[in-house]
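Please read the structure below before turning to the comments.
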Amino acid sequence: MKNTELIDILEKDRHLEREQWIQLFETYTDKDREYAAAKARETAVSQFGKSIFIRGIVEFSNVCKNDCYYCGIRKSNADCDRYRLSKEQILDCCDAGYEYGFRTFVLQSGEDKSYTTDKLCEIVSDIKKAHPDCAVTLSVGELSYDDYKRLFEAGADRYLLRHETASEEHYKKLHPAQMSWEHRMKCLEQLKQIGYQTGCGMMVGSPFQTVGNIADDMLFLERFKPEMIGMGPFIPHKDTPFKDKPAGSYELTLFLISLCRLMLPDCLIPATTALGTIRPDGREKGVLAGANVVMPNLSPMDVRKKYLLYDGKICTGDESAQCRACLERRMESIGYKVEITRGDHKSYDKDSSLR
Ligand code: SAH
């Protein structure tokens with residue numbers, strides 16, 4: 001079967017067999033990719049119009065107990081200049097972000113246990129008190145069911161925890177033995193069960209990734225049905241064991257955005273910073289491939305250069321206001337408009353919410 005026929009089937013059935021995914025990833029051409037992008041773009045526009053949701057991301061600590069082989073803020077990187085933001089600093093970022101029109105704040109960090117669940121709950125509930133019309137997304141790694149539950153009850157609406165790879169064997173090549181693929185997958189199930197709008201996702205072209213692994217990622221996404229999918233290319237960081245590994249493919253990242261859009265039409269899919277890092281117009285192209293979210297940086301200027309997961313990360317020299325304005329211009333340049341709204345997933349039921 002031709003690749004364009006597979007893309008038609010995906011659009012219609014929202015499903016492909018493993019062998020069909022493998023064929024696509026092994027043999028796709030630029031034409032196939034453009035064919036998928038046009039359909040994905042149409043699907044995104046039918047879901048969201050020409051509106052793009054924005055999230056302000058506050059990278060509040062780069063201290064991490066984990067040692068992921070790909071990540072620049074891994075525990076063993078002695079050259080990483082560590083920082084932690086206080087609750088007040090985090091709230092200041094959100095206050096400033098509110099003025100710029102953000103209605104979702106994403107709090108992301110390394111796995112820094114100095115932020116206890118009590119402390120995180122306090123930060124979340126203070127943000128919600130100050131900005132009741134805003135959503136809070138957490139991205140702080142693997143916690144226990146009780147911790148996730150308490151944070152949800154404190155007001156957190158969404159949680160981002162990339163699964164990184166749906167293959168346990170591949171996961172083991174990216175992480176030290178103490179880290180468990182099974183546990184990460186269990187966390188995702190729990191987040192969903194608790195009621196978070198849950199985001200997972202993978203790095204595209206991470207070392208040792210095979211087409212079979214990506215096929216398994218797609219099958220996992222089909223089954224898990226996340227509300228959000230974050231995907232970006234792997235980009236090497238000079239102080240990690242993967243420093244000499246090649247970056248993931250820009251084209252494949254765009255193709256995967258399109259395929260995810262066709263498989264899960266209402267999913268919230270960001271055009272990530274990593275995509276904007278490997279190509280100057282990566283985020284615009286991400287939107288044109290079917291993404292509908294962008295996540296400008298709201299972190300204080302003096303810490304931005306310290307939250308380096310990979311080399312060359314963009315937006316580390318701009319003020320928040322500049323980041324916001326720059327993305328608005330970028331979106332307008334391709335005919336899209338940034339919306340001032342929480343930008344929830346369609347399944348989010350305001351009435352049944354306790355908040
Ligand atoms: N500690 C949190 C947040 C992790 S950082 C957690 O465990 O979920 C957010 C994401 O950045 C990671 O999930 C990973 O997919 C991505 N990332 C890390 N290092 C990267 C690299 N070198 N290139 C591209 N993406 C990377």
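Worth saying up front: this structure is predicted, and the values here are computed from it rather than measured. Read the numbers this way: they start at 1 and go in the same order the structure lists the ligands and their atoms. Starting from 1, each residue takes its place in the sequence as its number.
- Each of the atoms 22 (N), 23 (N), 24 (C) of ligand 1 lies under 4.0 Å from some heavy atom of Phe234.
- The two residues Pro226 and Leu221 have their closest heavy-atom pair at CD-O, 3.5 Å.
- Residue Pro233 touches ligand 1 through its backbone alone, judged by heavy-atom distances below 4.0 Å.
- A cation-pi geometry, defined here as NZ or CZ lying under 6.0 Å from the six-membered ring centre and within 45° of its normal, does not hold between Lys149 and Phe152.
- Remark: of the listed residues Arg342, Glu227, His345, Arg342 is the sole one forming a side chain to side chain contact (heavy atoms under 4.5 Å, CB included) with Arg158.
- Arg82 meets the side chain to side chain donor-acceptor pair (under 3.5 Å) test with no other residue; sequence neighbours excluded.
- The nearest heavy-atom contact from the protein to atom 10 (C) of ligand 1 is Arg162 NH1, 4.2 Å.
- Every atom of ligand 1 with a heavy atom of Leu161 under 4.0 Å away is listed here by number and element: 8 (O).
- Phe234 belongs to a hydrophobic cluster whose other members, connected by ILVMFWY side-chain contacts under 4.5 Å either directly or through intermediates, are Tyr69, Tyr70, Leu174, Met203, Phe208, Phe242.
- The side chain to side chain contact (heavy atoms under 4.5 Å, CB included) test with Val204 singles out one residue from Thr253, Leu254, Leu275, and that residue is Thr253.
- At the top of the distance list for atom 9 (C) of ligand 1, counting protein heavy atoms only, stands Gln108 NE2, 3.6 Å.
- Listed by atom number, the atoms of ligand 1 under 4.0 Å from Gly141 heavy atoms are 2 (C), 6 (C), 7 (O), 8 (O).
- Under a 4.0 angstrom heavy-atom cut-off, Cys64 registers as lying outside contact with ligand 1.
- A donor-acceptor contact under 3.5 angstrom links the side chains of Tyr98 and Asp133, judged on distance only.
- Counting only heavy atoms of the protein, atom 22 (N) of ligand 1 lies nearest to Ile235 O, 2.7 Å.
- In this structure, a donor-acceptor pair under 3.5 Å is present between the side chains of Asp95 and His131.
- For atom 4 (C) of ligand 1, no protein heavy-atom neighbour is found at a distance under 4.0 Å.
- Distance from atom 1 (N) of ligand 1 to its nearest protein heavy atom, with residue and atom name: Ser109 O, 3.0 Å.
- Compare Glu164, His163, Arg74 by their heavy atoms: the one nearest to atom 14 (C) of ligand 1 is in Glu164.
- Ionic pairing of Asp126 and Lys87 is present here: one or more N-O contacts between side-chain nitrogen and carboxylate oxygen are shorter than 4.0 angstrom.
- Side-chain atoms of Ser144 and Arg150 form no donor-acceptor pair, as typed in the model, at a separation below 3.5 Å.
- Atom 11 (O) of ligand 1 has as its closest protein heavy atom Leu309 CD1, 3.5 Å.
- Nearest-residue assignment for atom 26 (C) of ligand 1 (options His237, Met203, Lys245; heavy-atom criterion): Met203.
- The shortest contact between atom 19 (N) of ligand 1 and any protein heavy atom is with Tyr70 CD1, 3.3 Å.
- At least one heavy atom of Arg184 sits under 4.0 Å from some atom of ligand 1.
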